[in-house]
Visitor: 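One structure, pasted below without further comment.
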There are 2 protein chains.
Amino acid sequence: MELSDRKKKILRAIVDLYIRTAEPVASKTIAQMPDMDFSSATIRNEMAELTTLGYLEQPHTSAGRIPSPAGYRLYVDELMQDYRLSTDETKSINQAMELKMQEVDKVVSQVGKLVSQMTNLPAYAMAARSARLTVKRFDLILADSGSFILVVMLSDSSVKNKLIRLPVELTEADLKLLGAVLNASVTELTAEQLSPELLSRVTRSAGNAASLVPVVMEFVTSLLHQERGEVYMTGQAKLLGQPEYHDIDKAQKMLSALDEDVVSNLPAALSPDSRTQILVGPENVSKELRDTSVVMTKFDIGDGMQGLIGVVGPTRMDYAQITARLSYFAENLSRMFQKNQTPAIEGLENKHNDPEA
Amino acid sequence: MELSDRKKKILRAIVDLYIRTAEPVASKTIAQMPDMDFSSATIRNEMAELTTLGYLEQPHTSAGRIPSPAGYRLYVDELMQDYRLSTDETKSINQAMELKMQEVDKVVSQVGKLVSQMTNLPAYAMAARSARLTVKRFDLILADSGSFILVVMLSDSSVKNKLIRLPVELTEADLKLLGAVLNASVTELTAEQLSPELLSRVTRSAGNAASLVPVVMEFVTSLLHQERGEVYMTGQAKLLGQPEYHDIDKAQKMLSALDEDVVSNLPAALSPDSRTQILVGPENVSKELRDTSVVMTKFDIGDGMQGLIGVVGPTRMDYAQITARLSYFAENLSRMFQKNQTPAIEGLENKHNDPEA
DNA sequence: TCTTAGCACTCTTTATCACCGAGTGCTAAA
DNA sequence: TTTAGCACTCGGTGATAAAGAGTGCTAAGA
């Protein structure tokens, strides 16, 4: 059932106000607002109905109303007004980005910090690899005594390497053969296309270097499969400033959940189609976080890679503003990475020499 | 002035108890302890003296005593009894390590999480490179159209690489020459030994590839200089469980300080000689953290690299236990890395393709 | 001279109670 | 359908009292 325009107007006013004040909103307060041409009694009646419809809640009899999760949902979907960034804001965002992005090594963690600063909320950032990732090219360099360096260039132009010890004595020619075979058979394949059948075919063609094939292929598989890197989370303390977390117990539950659940479950919640997504309260990944919401958005890093930034805050957060800032930030990032052309993020996954290698 | 044995005994008892209960300790409570053969009145007198000497504090007239920072200092330096890990504890630590360390990519962040779990306190972890780091070997691989991959093997056996675009057309032979020059002149040198004079010498010998030398050298310099990687911090929520942070304001100040100061200032506070270090309250890096202490310890990763793990907690933390666990953990880690021989941590610094490269 | 029992004093904590004010729901009138 | 009016509910505040914990000091005892 569709709400009347007046109900919507009132609901929007209530959510707007509650977001600003964090206090239950009274009918009188609404009635006094400039373009509300009804008495408080009328508003009261409407509020009573909105309550039975499930869009508002009442902490106790003699308090005002606060939005319910359903109320927020309706608000973010239909009611809220677009927030336009002021030029001051865009300027300060741009400045901060230029300043911080110099430390290019740590783009992802820096991005997180910036977002947190900008929104005054805890933020997380991560980079995710797409399933389309393939190997573009292999190189094998004979290093000193008994080991070689495997250099793998990926389709996103990042380069990974691994030092591998030789189980048997091999000549440079053996390695060259292996390299040729790999470049012929294993390039341009996505993770899914790596079959056991392929493995045995490569092994057969690899001559003396056959014993190396499993190690190499395992490395490749791990590179292509690894879909996300480290998740960075900062600014948790910012939450404690919000009135909903003045109750220490809640604050703690909340922060623990942030540490554990959010970080591991969020990426899964990201729908493939929309860029920006808002998870309100109970729609959230963890039940602990009933009064916590998440706003997240994607940005492009380069071929085959995407980044994810998001903030976590009380359900009563300024969705319009936060969403606007986050999107602006993401657009800027995408542009930066596009301009740099060579994909700037690399080493998001740390390469590694396994003990058994 | 040296304290009498009895004063020390009483002080120790008070600190021990306060660490357990977080409540001011009363004379009567001490007097009732098994091997205290004095009346509460006697204890009271001693406590009064310990207070004037600055080892104890009194929240208000009719409360018991709590240790002052000086009291804690004395306690950790002289009074506290070694905590011996039970076999249960060592077993569970070992298990956790085996389990978690499989995700070898993320050793450092995993280490942090583990330490936090083990101590039930916020923990941080980072890896630091020593100044002794040198380049062991260069390789240059001509990649596709107009770019090549620079592969650098460092003295800690980690391998770094960078994709560099060619400003001019170069042949494989040109690159080979450059590689030979680099391997002859720039290997085995620490960051300090890289001089401008060296740069020009290399440039002169590099033939057609001379224009590449600055880019290459800049990369090398950045690798050798970069003394520490990302600092990982987890488990902040654990602090909120501690009674000293039931005051939200304090909690927030504390957590903000953790985000900013600790992470950036801690490494500086690490003395080169001792392995484990305890910073009590005001000795701390940030003034905000008067009632917060830090315990940190180092572990060896491999030639030229060290790791740092630490926990942050209320001044009233169980130093003996925490120190014991941390040390055990660090020893285990050192052993792990030693066994693996090829240094397992790599990619702590993310390699990167600069836009201008 | 050192120890200890006893007691007055201080200060915090907790409970109780009354009161105020904010806000609602309902009724009746416009 | 809207609105004015009013009774009712309930949380918040502040004052007061009572209880409890612990100390410091004094004076007696070893």
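Basis for what follows: all heavy atoms, side chains included, without hydrogens, waters or symmetry-related copies. By convention in this document, chain letters (A, B, ...) are assigned in the order of the sequence lines, proteins followed by strands, and residues within each chain are numbered from 1.
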Visitor: Please give, in whole Å, the distance from D:dA21 P to B:Gln32 CD?
Guide: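 Taking atom P of D:dA21 as the reference, CD of B:Gln32 is at 12 Å.
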
Visitor: How far apart are the closest heavy atoms of B:Ala237 and A:Ser256, and which atoms are they?
Guide: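 In terms of heavy atoms, the two residues are closest at CB-N, 3.5 Å.
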
Visitor: Starting at the 5' end of nucleotides 11-30 of chain C, put B wherever the base has a protein heavy atom under 4.0 Å, S where only the sugar-phosphate does, and a dash everywhere else.
Guide: BS---------BSBB-----

Visitor: Suppose we screen for salt bridge (charged side-chain N to carboxylate O under 4.0 Å, His left out). Which residues come up paired with A:Lys8, at least two apart in sequence or across chains?
Guide: A:Glu2, A:Glu78

Visitor: Less than 4.0 Å between a side-chain N and a carboxylate O, is that true for B:Asp291 and B:Lys250?
Guide: yes

Visitor: Could you pull out the closest heavy-atom pair between A:Thr52 and A:Glu49, with the gap in Å?
Guide: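 Residues A:Thr52 and A:Glu49, closest heavy atoms: OG1-O, 2.8 Å.
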
Visitor: End-to-end bend of the helix from C:dT1-D:dA30 to C:dA30-D:dT1 (five-pair axes, 10° rounding)?
Guide: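 About 20° separates the two local helix axes.
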
Visitor: Taking CD from A:Glu46 and P from D:dT3, how many angstroms apart are they, rounded to a whole number?
Guide: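 Rounding to the nearest Å, CD of A:Glu46 and P of D:dT3 are 11 Å apart.
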
Visitor: Suppose we screen for salt bridge (charged side-chain N to carboxylate O under 4.0 Å, His left out). Which residues come up paired with B:Glu23, at least two apart in sequence or across chains?
Guide: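 If we apply the salt bridge (charged side-chain N to carboxylate O under 4.0 Å, His left out) test to B:Glu23, skipping adjacent residues, there are no hits.
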
Visitor: May I ask you to evaluate whether A:Arg6 reaches the phosphate of D:dT2, defined as a side-chain N or O under 4.0 Å from OP1 or OP2?
Guide: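 For D:dT2, OP1/OP2 do have a side-chain N/O of A:Arg6 under 4.0 Å.
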
Visitor: Pair up each side-chain donor or acceptor in residues 63-73 of chain A with any protein partner under 3.5 Å, not counting sequence neighbours, and list the distances.
Guide:
from, atom 1, to, atom 2, distance (Å)
A:Arg65, NE, A:Thr51, OG1, 2.8
A:Arg65, NH2, A:Thr51, OG1, 3.3
A:Ser68, OG, A:Gly54, O, 2.5
A:Ser68, OG, A:Tyr55, O, 3.3
A:Ser68, OG, A:Ala70, N, 3.3
A:Ser68, OG, A:Gly71, N, 3.1
A:Arg73, NE, A:Asp77, OD2, 3.3
A:Arg73, NH1, A:Ile278, O, 3.2
A:Arg73, NH1, A:Glu283, OE1, 2.5
A:Arg73, NH1, A:Glu283, OE2, 3.1
A:Arg73, NH2, A:Asp77, OD1, 3.2

Visitor: Measure CZ/B:Phe38 against P/C:dT4 and give the value in whole Å, please.
Guide: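 Value for this atom pair: 8 Å.
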
Visitor: Can you tell me the distance, in whole Å, between the CD atom of B:Glu23 and the P atom of D:dG20?
Guide: 17 Å

Visitor: Check whether any side-chain N or O of B:Thr42 sits under 4.0 Å from OP1 or OP2 of C:dT4, and answer yes or no.
Guide: yes

Visitor: Once you round to the nearest 0.5 Å, how far does CD of A:Gln321 lie from OH of A:Tyr83?
Guide: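 Rounded to the nearest 0.5 Å, the CD-OH separation comes to 4.0 Å.
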
Visitor: Please state how far atom CG in B:Asp37 lies from atom P in D:dA30, giving the value in whole angstrom units.
Guide: 18 Å

Visitor: Check the distance between D:dA4's C1' and A:Ile43's CD1 and give it to me in whole angstrom.
Guide: 15 Å

Visitor: With sequence neighbours left out, what residues match B:Arg6 under salt bridge (charged side-chain N to carboxylate O under 4.0 Å, His left out)?
Guide: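 Salt bridge (charged side-chain N to carboxylate O under 4.0 Å, His left out) check on B:Arg6 returns B:Glu46.
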
Visitor: Regarding B:Tyr328 and B:Thr323, is there a side-chain donor-to-acceptor distance under 3.5 Å anywhere?
Guide: no

